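Numbers restart at 1 for each chain; the letters A, B, ... are given by sequence-line order, proteins then strands. Predicted model only: the values in this text are computed from it and were never measured.
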Protein chains: 2
Amino acid sequence: MGVFSRTCEYAMRAVFFIAHRTPEGTRVGIKDISEGIDSPAHFLAKILQDLSRRGIIHSAKGPNGGFYMTEEDLSRPLSDVVEAIDGVQIFKGCALGLKQCSEKNPCPLHHEFKAIRNDLTKLLNGTSIKSFNEDLLNGMTSLKK
Amino acid sequence: MGVFSRTCEYAMRAVFFIAHRTPEGTRVGIKDISEGIDSPAHFLAKILQDLSRRGIIHSAKGPNGGFYMTEEDLSRPLSDVVEAIDGVQIFKGCALGLKQCSEKNPCPLHHEFKAIRNDLTKLLNGTSIKSFNEDLLNGMTSLKK
DNA sequence: ACAATTAAAGAGTTTTATATCTTTAATAAA
DNA sequence: TTTATTAAAGATATAAAACTCTTTAATTGT
Ligand code: FES
Ligand code: FES
């Protein structure tokens with residue numbers, strides 16, 4: 001596995017996909033999303049339920065229902081998605097899995113690793129979903145394998 | 001989970017521990033290692049068997065047997081351990097799990113993520129186990145929770 | 001009211017990661 | 001040669017992650 005869990009990868013791709021497809025108060029269904037990002041539909045449904053419960057995305061049942069994101073949702077940093085799914089370890093945890101990453105009792109990787117972890121945090125925490133999405137709207141980036 | 005799998009965390013801690021404890025052709029047993037790094041002994045045994053088969057560490061059976069590392073082993077980069085356990089995804093894989101991370105078809109995170117991934121690669125690939133170990137010998141870093 | 005559409009919820013199954021226990025093989029020392 | 005010591009190998013066991021299927025509830029439009 002890479003840096004994020006597969007579940008988290010699906011979640012991020014889905015969020016970008018929804019952001020991309022619902023610029024004007026429209027909604028997009030689970031089928032479209034799962035096809036659009038190459039993920040198992042039922043599994044993704046669970047993930048989106050979760051994000052929806054947490055208020056990271058929104059949904060509506062019934063005809064013309066589906067998932068969508070409000071302006072507020074779009075302004076959120078991507079780290080909210082990651083944290084919802086994978087938790088906070090990736091941002092705070094020790095590279096070697098020591099219970100506490102600390103300056104007091106640093107592991108051999110601590111100093112350099114901390115810098116890298118901070119860069120990752122800055123990237124995910126400092127960039128809104130909307131601004132990632134702009135590249136996507138401009139056709140510069142992709143969600144498709 | 002953090003950046004690395006738990007198995008990989010144990011592996012790295014164990015490698016540092018062995019390096020630390022066997023400076024002079026001595027060996028250290030699985031019991032000592034697992035206690036020293038806080039890991040389940042039998043599980044760690046499996047991991048070390050694996051590393052041993054791959055030639056990343058060495059072992060000897062019988063009385064006064066145990067695990068040890070040659071000069072050559074100590075000169076290896078830590079990335080060899082990570083790659084043996086977690087594979088290459090962490091160094092090459094797309095943040096969003098796209099099949100191929102590429103400039104041609106970059107995901108929204110690609111540019112910034114690539115830089116971070118490269119820093120991590122540089123850290124693990126560019127530093128020998130021995131040099132991480134020096135801090136450990138100087139008592140500046142830790143393997144204990 | 002009714003039928004169609006959609007996500008939510010619930011209840012699984014399968015696969016992978018993590019962990020344990022037992023037996024075997026190699027080595028060293030007495 | 002025997003015994004003790006150690007890792008290797010094999011066989012399970014448990015837990016978590018990933019995935020699937022079915023039923024329910026909400027909403028819309030007729
Ligand atoms: S203590 Fe290990 S990364 Fe900080
Ligand atoms: S394409 Fe996603 S990180 Fe390179």
Side-chain angles (χ1 to χ4, degrees), chain A residues 1-14 17-18 21-22 25-35 37-69 82 84-87 89-90 97, chain B residues 1-14 17-18 21-22 25-35 37-69 82 84-87 89-90 97:
Chain A
M1 194 47 48
V3 172
F4 306 107
S5 70
R6 183 172 303 192
T7 304
C8 189
E9 291 173 353
Y10 291 154
M12 291 188 287
R13 299 220 297 271
F17 188 88
I18 297 167
R21 274 295 191 82
T22 60
T26 56
R27 286 110 180 228
V28 56
I30 189 69
K31 193 86 186 304
D32 280 351
I33 304 172
S34 68
E35 280 168 8
I37 70 166
D38 253 314
S39 79
H42 289 283
F43 186 44
L44 184 62
K46 289 298 180 194
I47 300 169
L48 295 187
Q49 272 166 41
D50 188 12
L51 293 180
S52 181
R53 260 187 252 110
R54 292 168 190 266
I56 290 173
I57 61 176
H58 285 83
S59 67
K61 289 181 181 178
N64 304 313
F67 296 91
Y68 63 99
M69 297 178 72
V82 173
I85 307 289
D86 278 354
Q89 275 293 100
I90 191 111
Chain B
M1 193 48 49
V3 171
F4 307 107
S5 71
R6 182 170 306 193
T7 304
C8 188
E9 292 173 351
Y10 291 154
M12 292 189 286
R13 300 220 297 273
F17 188 87
I18 296 168
R21 275 294 192 84
T22 61
T26 57
R27 286 111 179 227
V28 56
I30 188 70
K31 193 86 187 301
D32 281 352
I33 305 173
S34 69
E35 279 168 9
I37 70 166
D38 254 315
S39 77
H42 290 282
F43 185 45
L44 184 63
K46 290 296 182 199
I47 299 169
L48 296 186
Q49 273 167 40
D50 188 11
L51 293 181
S52 181
R53 260 186 253 108
R54 293 169 190 265
I56 290 172
I57 61 177
H58 285 82
S59 69
K61 290 183 181 178
N64 303 311
F67 296 90
Y68 62 99
M69 296 178 74
V82 172
I85 306 290
D86 278 355
Q89 275 292 99
I90 191 111

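Among C/dA19, D/dA18, C/dA8, the nucleotide with an atom closest to any side-chain atom of A/S59 is C/dA8. Taking only side-chain atoms of B/Y10, from C-beta outward, the nucleotide of D/dA18, C/dA19, D/dA8 with the closest atom is C/dA19.
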Expected string for nucleotides 20-30 of chain C under the B/S/- scheme (protein heavy atoms, under 4.0 Å, primed atoms plus P, OP1, OP2 as sugar-phosphate) is BBB--BBBSS-

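The terminal axes of the helix from C/dA1-D/dT30 to C/dA30-D/dT1, fitted over 5 pairs per end, subtend an angle of 0° to the nearest 10°.
Take B/T7 and apply the side chain to side chain contact (heavy atoms under 4.5 Å, CB included) test, not counting sequence neighbours, and it matches B/S5, B/F43, B/I47, B/I85. For A/R6, the salt bridge (Lys or Arg N to Asp or Glu O under 4.0 Å) test picks out no residue, with sequence neighbours left out. For the side chain to side chain contact (heavy atoms under 4.5 Å, CB included) test, no residue two or more places apart in sequence or in another chain qualifies with A/N64. For B/R53, there are no side-chain hydrogen bond (donor to acceptor under 3.5 Å, both in side chains) partners two or more places apart in sequence or in a different chain. For the salt bridge (Lys or Arg N to Asp or Glu O under 4.0 Å) test, no residue two or more places apart in sequence or in another chain qualifies with A/K61. Scanning for side chain to side chain contact (heavy atoms under 4.5 Å, CB included) contacts around B/P63 gives an empty result, with sequence neighbours left out. With sequence neighbours excluded, the residues satisfying side chain to side chain contact (heavy atoms under 4.5 Å, CB included) with A/A41 are A/S34.
One atom, CE of A/M1, and another, P of C/dT18, lie 11 Å apart when rounded to the nearest Å. Atom P of nucleotide D/dA4 and atom NZ of B/K31 are separated by 18 Å, given to the nearest angstrom. For the pair A/R6 CZ and C/dA17 C1', the interatomic distance rounds to 13 Å; values are reported in whole Å. The separation between A/D50 atom CG and D/dA17 atom C1' is 14 Å, rounded to whole Å. Put simply, CD on A/Q49 is 17 Å from P on D/dA18, counting in whole angstrom units. Rounded to an integer number of Å, the gap from B/L51 CG to D/dA9 P is 13 Å. Atom CD1 of A/I30 and atom C1' of D/dA26 are 17 Å apart (whole Å). Atom-to-atom, OH of A/Y68 to P of C/dA7 comes out at 12 Å; the value is rounded to the nearest Å.
Phosphate contact (OP1/OP2 of C/dA8, side-chain N/O of A/S52, threshold under 4.0 Å): present. Within the 4.0 Å cut-off from OP1 or OP2 of D/dA18, at least one side-chain nitrogen or oxygen of A/T7 is found.
Applying side chain to side chain contact (heavy atoms under 4.5 Å, CB included) to B/I18 and the options B/D32, B/I37, B/V28 leaves one that passes, B/V28.
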Apply side chain to side chain contact (heavy atoms under 4.5 Å, CB included) to the pair B/T26 and B/R21, showing each step before the final yes or no.
CA-CA 8 Å; B/T26 57; B/R21 275 294 192 84; over 6 Å; no

